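Worksheet: the structure to be examined is printed underneath.
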Amino acid sequence: MTRPIVRFAPSPTGLLHIGNARTALLNALFARREGGTFILRFDDTDTERSKPEFAAAIAEDLAWLGIVPDVVVHQSARVDLYAAVAERLKAVGRLYACYETPDELERRRRLQLGRGLPPIYDRAALALTDEDRARLEGEGRRPHWRFRLEHRVVAWTDLVRGDSHVDCTSLSDPVLVREDGTYLYTLPSVADDVDLTVTHVIRGEDHVTNTAVQMQIFEALGAAVPAFAHHNLLTTASGESLSKRLRHLSLKSLREAGLEPGAVASLAVLVGTAETVRPVARLDELAGLVDFAHISRSPAKFDEGELNHLNAKFVHAMSYDGVRERLAALGVGGGEAFWQAIRTNLTKVADAAAWWPVVHGPLTPVITDAALVGAAAEALPGEPWDGSTWKTWTDTVKGRTGAKGRALFMPLRLALTGVDHGPELAALMPLIGRDRTSRRLRGETA
RNA sequence: GCGCCCUUCGUCUAGCGGUCUAGGACGUUGCCCUUUCACGGCAAAAACACGGGUUCGAGUCCCGUAGGGCGCGCCA
């Protein structure tokens, strides 16, 4: 394949959620694997709702996932291009002036819906004469501009969905330019795709109808039509659309919940595909797994429980070098031995903080069997301690008290760590050290 | 209301007319390991939405029903 040029085009009107991450990752990973170009395009033509802080938050979320755009463009800075494209469409007779008010259009739509008809624009403005237009403008009315669709079936071979078609007969001519001269999504999107020579448009299936319209615009401009890949949408575990639940499933909140970007990326890319959902540590490797033809055509449920589980798998496999700085930031010392001892008990890296006092103190022991713990204190061997100390010690305690199994180990675990679950004590014991162990066995906070 | 798409274990899916007594992964349950919990290993339970048709034969093709997603903006 020649080097593809792709784009992820969020509107900076809110935070990215896991579904957006899926789109962004599919684009970025496809480009990365094919040696192509990944463009981050901010669709900020809606000046009312677009906010610079959302653009910054989006860039931050993408960076967290490991996505670095090759090119960043803001549509708000490219209006000259859109003006030229609008003029070109007027010149080829595909952009026409309309004078209806929003209220009027809304009223007509309701009327059509009430009669069981598709609520499409009736093209009344097409019948306007030059005199009509002159009169309306004389009254101070400014036109908005619609693209005249050809009423025909537009077909393409979708990289995900296969042979696809949309009948444009049942579509309204889209408004491309407002009265105030600002542009609506469709025109800037196509103008940029042409100008930036985008080769593959990879986006959610909510855009399939847009694709038919946009293909007509590409053709009206005499431009090459890119390939399209419409991936399935993600829903919540209960089947709700993601955008309605975005506060909890935003990338920002997932990040703040302490999840690994790799776990989020793995699930975002692999769920709803023929590929097994599993933790994939490197984005390069994840890129190798992207296959449009293996993306399902039906919506997939995104389960937070699954994300936590995937995150745990991720953490269990993380090397000390990979987390050293983050442990330090958590106020956790302990070195590699500590990390090796505790990592398989963690769901999130931040959980490591809970185990630090266990080896470093202070910790208040829980004494459930004073007799056993007392005997254990007396049997405590001298240092140095290593991985075999635990067995030597507990064998001695077992011989003196007759306790075994859970009755032997649980009181010792509770006395040494204060909780009834946790890492292998054989590994923990040398890290706790004889002094602290001894004091905890006597019931002291240490 | 109209249009497009979809419907296999709890979840994500494999399956493109016979090789399906339907395979895998996650989860679940059990067992093993560790003389403890967890980690790890092994094993088991668990699905073709429903009704017609085509065919010697249907999870696979066709029609219908039900359910779901998306779209039908001077949002993107």
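Keep in mind it's a predicted model, so treat the numbers as computed, not measured. Each chain gets a letter, A, B and so on, in the order its sequence line appears, and its residues count up from 1.
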task: Just call it for S164(A): base, sugar-phosphate, or nothing, with non-hydrogen atoms closer than 4.0 Å on any strand.
output: nothing
task: Mind calculating the distance between CG (L111(A)) and P (rC2(B)) to the nearest angstrom?
output: 17 Å
field: Heavy-atom donor-acceptor pair, R413(A) side-chain to rC37(B) base, under 3.5 Å
entry: yes
message: With a 3.5 Å limit on both atom pairs, tell me what rA25(B) is paired to, counting Watson-Crick and G-U wobble, or say none.
response: rU11(B)
- prompt: In the strands shown, is rC16(B) matched to any nucleotide by a Watson-Crick or G-U wobble pair with both distances under 3.5 Å, and which?
  reply: none
message: Quick check on rU13(B): is either OP1 or OP2 less than 4.0 Å from any side-chain nitrogen or oxygen of K301(A)?
response: no
message: If I take atom CD in residue E304(A) and atom C1' in nucleotide rC26(B), what distance separates them, rounded to the nearest angstrom?
response: 16 Å
message: Need to verify one output field. Residue with the more 5' nearest nucleotide on RNA chain B, E205(A) or L105(A)?
response: E205(A)
message: Quick check for you: among rC5(B), rC75(B), rG1(B), whose closest atom lies nearest to any side-chain atom of L184(A)?
response: rC75(B)
field: N/O (side chain, R343(A)) to phosphate O (OP1/OP2, rC39(B)) under 4.0 Å
entry: no
query: What interatomic distance, in whole Å, is found between P of rU65(B) and the corresponding atom of rC2(B)?
result: 11 Å
message: Counting only side-chain nitrogens and oxygens, does R278(A) get under 4.0 Å of the OP1 or OP2 atom of rA25(B)?
response: no
task: Using atom CG of L234(A) as one end and atom C1' of rU11(B) as the other, report the distance to the nearest whole Å.
output: 13 Å
message: So, applying side chain to side chain donor-acceptor pair (under 3.5 Å) with N232(A), which one of R297(A), R22(A), E205(A) is it?
response: R22(A)
message: Taking only the C1' atom of each, what is the distance from rU8(B) to rG67(B) in whole angstrom?
response: 15 Å
- request: Specify whether H421(A) and W355(A) have parallel, tilted or perpendicular ring planes, treating 30° as the upper limit for parallel and 60° as the lower limit for perpendicular.
  value: perpendicular
task: Give one of base, sugar-phosphate or nothing for L425(A), where a contact means two heavy atoms less than 4.0 Å apart.
output: base
message: Taking only the P atom of each, what is the distance from rC6(B) to rA49(B) in whole angstrom?
response: 14 Å
message: Taking pairing as Watson-Crick or G-U wobble with both contacts under 3.5 Å, can you name the mate of rC75(B), or confirm there isn't one?
response: none
message: Using the C1' atom as the point on both nucleotides, what is the distance between rG15(B) and rA47(B), in whole Å?
response: 13 Å
- prompt: Looking for any heavy atom pair under 4.0 Å, which part of the strands does Q112(A) touch: base, sugar-phosphate only, or nothing?
  reply: nothing
- request: Any strand is fair game: report the nucleotide pairing with rA58(B) by Watson-Crick or G-U wobble, both distances under 3.5 Å, or none.
  value: none
- prompt: Are V225(A) and E219(A) side-chain neighbours, meaning at least one heavy-atom pair lies under 4.5 Å?
  reply: yes
task: Go ahead and name the base partner of rG3(B); Watson-Crick or wobble counts if both distances stay under 3.5 Å, otherwise write none.
output: rC70(B)
message: The criterion is ring pair (Phe, Tyr, Trp, His ring centres under 6.0 Å); which residues satisfy it with H74(A), sequence neighbours excluded?
response: F42(A)
query: Touch check for T13(A), heavy atoms < 4.0 angstrom, all strands: base, sugar-phosphate only, or nothing?
result: nothing
- request: Searching all strands shown, indicate the nucleotide that pairs with rC39(B) (Watson-Crick or G-U wobble; both distances under 3.5 Å).
  value: none
message: Quick test of your reading of the model: are R152(A) and E150(A) salt-bridged, counting only N-O distances below 4.0 Å?
response: yes
field: Whole angstrom value for the distance that separates P of rC72(B) from CD of E106(A)
entry: 13 Å
- line: From CG of N308(A) across to P of rU11(B) the rounded distance in Å is 19 Å
task: Quick one: look up who rA49(B) pairs with, Watson-Crick or G-U, both distances under 3.5 Å, and put none if it's unpaired.
output: rU65(B)
- request: For D46(A), answer base if it contacts any base atom (sugar-phosphate contacts may also be present), sugar-phosphate if it contacts only those atoms, and nothing otherwise; contact means non-hydrogen atoms under 4.0 Å.
  value: sugar-phosphate
message: Heavy atoms only, 4.0 Å cut-off, all strands: where does V271(A) land among base, sugar-phosphate and nothing?
response: sugar-phosphate
- prompt: When all nucleic acid strands are considered with a 4.0 Å heavy-atom cut-off, which category describes S170(A): base, sugar-phosphate, or nothing?
  reply: nothing
task: Write down the distance between NZ (K398(A)) and P (rU36(B)), rounded to a whole number of angstrom.
output: 10 Å
field: Integer-rounded Å distance: rC37(B) P and W390(A) CH2
entry: 12 Å
query: Below 4.0 angstrom, N of the basic side chain to O of the carboxylate: do K398(A) and D395(A) qualify?
result: no
message: Between R133(A) and E137(A), does any side-chain N to carboxylate O distance fall below 4.0 Å?
response: no
task: Could you measure between the two C1' atoms, the one in rC9(B) and the one in rA44(B), and give it in whole Å?
output: 14 Å
query: Rounding to a whole Å, what distance do you find between D206(A):CG and rG71(B):P?
result: 5 Å
From rC72(B), rU36(B), rA76(B), nucleotide with atom closest to P119(A) side chain: rC72(B)
query: Which one, rC5(B), rA76(B), rU35(B), comes nearest to the side chain of R161(A)?
result: rC5(B)
- prompt: Do R41(A) and D43(A) sit within salt-bridge range, that is, some charged N less than 4.0 Å from a carboxylate O?
  reply: yes
Side chain of R406(A) (C-beta onward), nearest among rU35(B), rC74(B), rC37(B): rC37(B)
- prompt: Looking at rC37(B), does its base get a donor-acceptor pair with the side chain of H421(A) below 3.5 Å?
  reply: no
message: Applying a 4.0 Å non-hydrogen cut-off, can you work out what D167(A) is touching in the nucleic acid: base, sugar-phosphate, or nothing?
response: nothing
task: Can you tell me, in whole Å, how much space there is between the C1' of rU28(B) and that of rC20(B)?
output: 25 Å
query: What does V208(A) touch in the nucleic acid at a heavy-atom separation under 4.0 angstrom: a base, only the sugar-phosphate, or nothing?
result: nothing
message: Suppose you measure atom C1' in rG68(B) against the same atom in rC75(B); what distance do you get, rounded to whole Å?
response: 25 Å
- prompt: If we take the C1' atom in both rC63(B) and rG71(B), what is their distance in whole Å?
  reply: 25 Å
field: K90(A) with E87(A): basic N within carboxylate O range, under 4.0 Å
entry: yes
- request: Would you indicate which nucleotide in rA76(B), rC74(B), rU35(B) comes nearest to any side-chain atom of R109(A)?
  value: rC74(B)
